[in-house]
Amino acid sequence: MYPGRFTRRNFMSTAVGPLVMGLCRYLNWLLGLSIVALTLDAWLVPLPVLVYVTALTILSRAEAAAQDRRLVVLAGAVLTLAAAAVAALWVAGVLTQIGVLPLAAVALLYWLALVATCYRHHVPGVIQGAVGRLIMGLVPLDVLLVIGRDIFWGLGLLVLMLPGRWLGRRLYVT
């Protein structure tokens, strides 16, 4: 390997890595939506997921940076943007159910409580636990976005949280 040569390792260690992870999850949503016409609304609905996964990837990097709490603060700011994106989608009429706003507010409070715990107790075990909770929080976020468009399908997705919780207790999820 030549010094300075572009490799997957140095690419993912840059600031672009968390955004790429978020983009992967965003594209995963679009893959699921590809059974319907991909309207502008369909392209916009998964944007909070992109931002959320970017934030949780930033937080997971804080585990290795034991003395640097800036990544924890950045993750909290990006999680706030994820909740703001849900609200913006409601304001724009993409999400039509009023209930998504209080649910997004509750989610944000939970996310920020996790981040505050990571900031106060900046040790790998605490950060691993928070990252695991945020990973398991992807399904409730998905449910929130689907309910924002269609309550029937959102409740169906809600049922999938049960096996997810069961598996989450039995598997290592970070």
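Predicted model, so just to flag it, every value in this text is computed and none were measured. Throughout, numbering of the chain's residues begins at 1 and tracks the sequence.
Taking a 6.0 Å sphere around CZ of Arg70, one finds it holds 12 or fewer heavy atoms contributed by other residues, nucleotides or ligands.
Trp111 is not connected to Val106 by any chain of hydrophobic side-chain contacts under 4.5 Å among Ile, Leu, Val, Met, Phe, Trp and Tyr, and they are in different clusters. No continuous path of ILVMFWY side-chain contacts below 4.5 Å connects Leu162 to Val139, so the two sit in separate hydrophobic clusters. Under the 4.5 Å side-chain contact rule for hydrophobic residues, Val73 and Val123 do not share a cluster. Cluster annotation: Tyr119 and Val126 are assigned to distinct hydrophobic clusters (Ile/Leu/Val/Met/Phe/Trp/Tyr, side-chain heavy-atom contacts under 4.5 Å, transitive). Note: the hydrophobic cluster containing Leu31 does not contain Trp29 (ILVMFWY, side chain heavy atoms under 4.5 Å, direct or indirect links).
Taken from CG in Asn28 to CG in Leu33, the straight-line distance is 10.0 Å, to the nearest 0.5 Å. Distance check: Leu44 CG to Thr39 OG1 gives 8.0 Å after rounding to the nearest 0.5 Å. Between the CG atom of Leu71 and the CD1 atom of Ile58 there is a distance of 7.5 Å, given to the nearest 0.5 Å. With rounding to the nearest 0.5 angstrom, the CZ atom of Arg133 is 12.0 Å from the CD1 atom of Ile135. A distance of 11.0 Å separates CD1 of Ile127 from OG1 of Thr117, quoted to the nearest 0.5 Å. Between atom CG of residue Leu81 and atom CG of residue Leu50 there is a gap of 11.5 Å, rounded to the nearest 0.5 Å.
Under the 4.5 Å side-chain criterion, counting only non-hydrogen atoms from C-beta, Leu144 is in contact with Leu141. A 4.5 Å side-chain heavy-atom check between Leu59 and Val72 finds at least one atom pair inside the cut-off. Put simply, the side chain of Val45 reaches to within 4.5 Å of the side chain of Arg149, judged on heavy atoms.
Summarising the geometry of Val86 relative to Leu95, their closest heavy-atom pair is O-CD1, 3.8 Å, with the distance given to 0.1 Å. In terms of heavy atoms, Asp142 sits closest to Arg25 at OD2-NH2, 2.7 Å. Taking each heavy atom of Arg120 and Arg69 in turn, the nearest pair found is O-NH2, 3.7 Å. The minimum heavy-atom distance linking Pro18 with Thr57 is given by the pair CA-CG2, 3.6 Å. When all heavy atoms of Ala130 and Cys118 are compared, the pair lying nearest together is CB-SG, 3.4 Å. Residues Ala104 and Ala83 approach most closely at O-CB, 4.2 Å, considering heavy atoms.
Applying side-chain contact (heavy atoms from CB on, under 4.5 Å) to Val115 and the options Leu79, Val78, Leu74 leaves one that passes, Leu79.
In this structure a side-chain-to-backbone donor-acceptor pair under 3.5 Å is present from Tyr26 to Trp43. Checked by atom type and distance alone, the side chain of Thr96 pairs as donor or acceptor with a backbone atom of Gly148 at under 3.5 Å.
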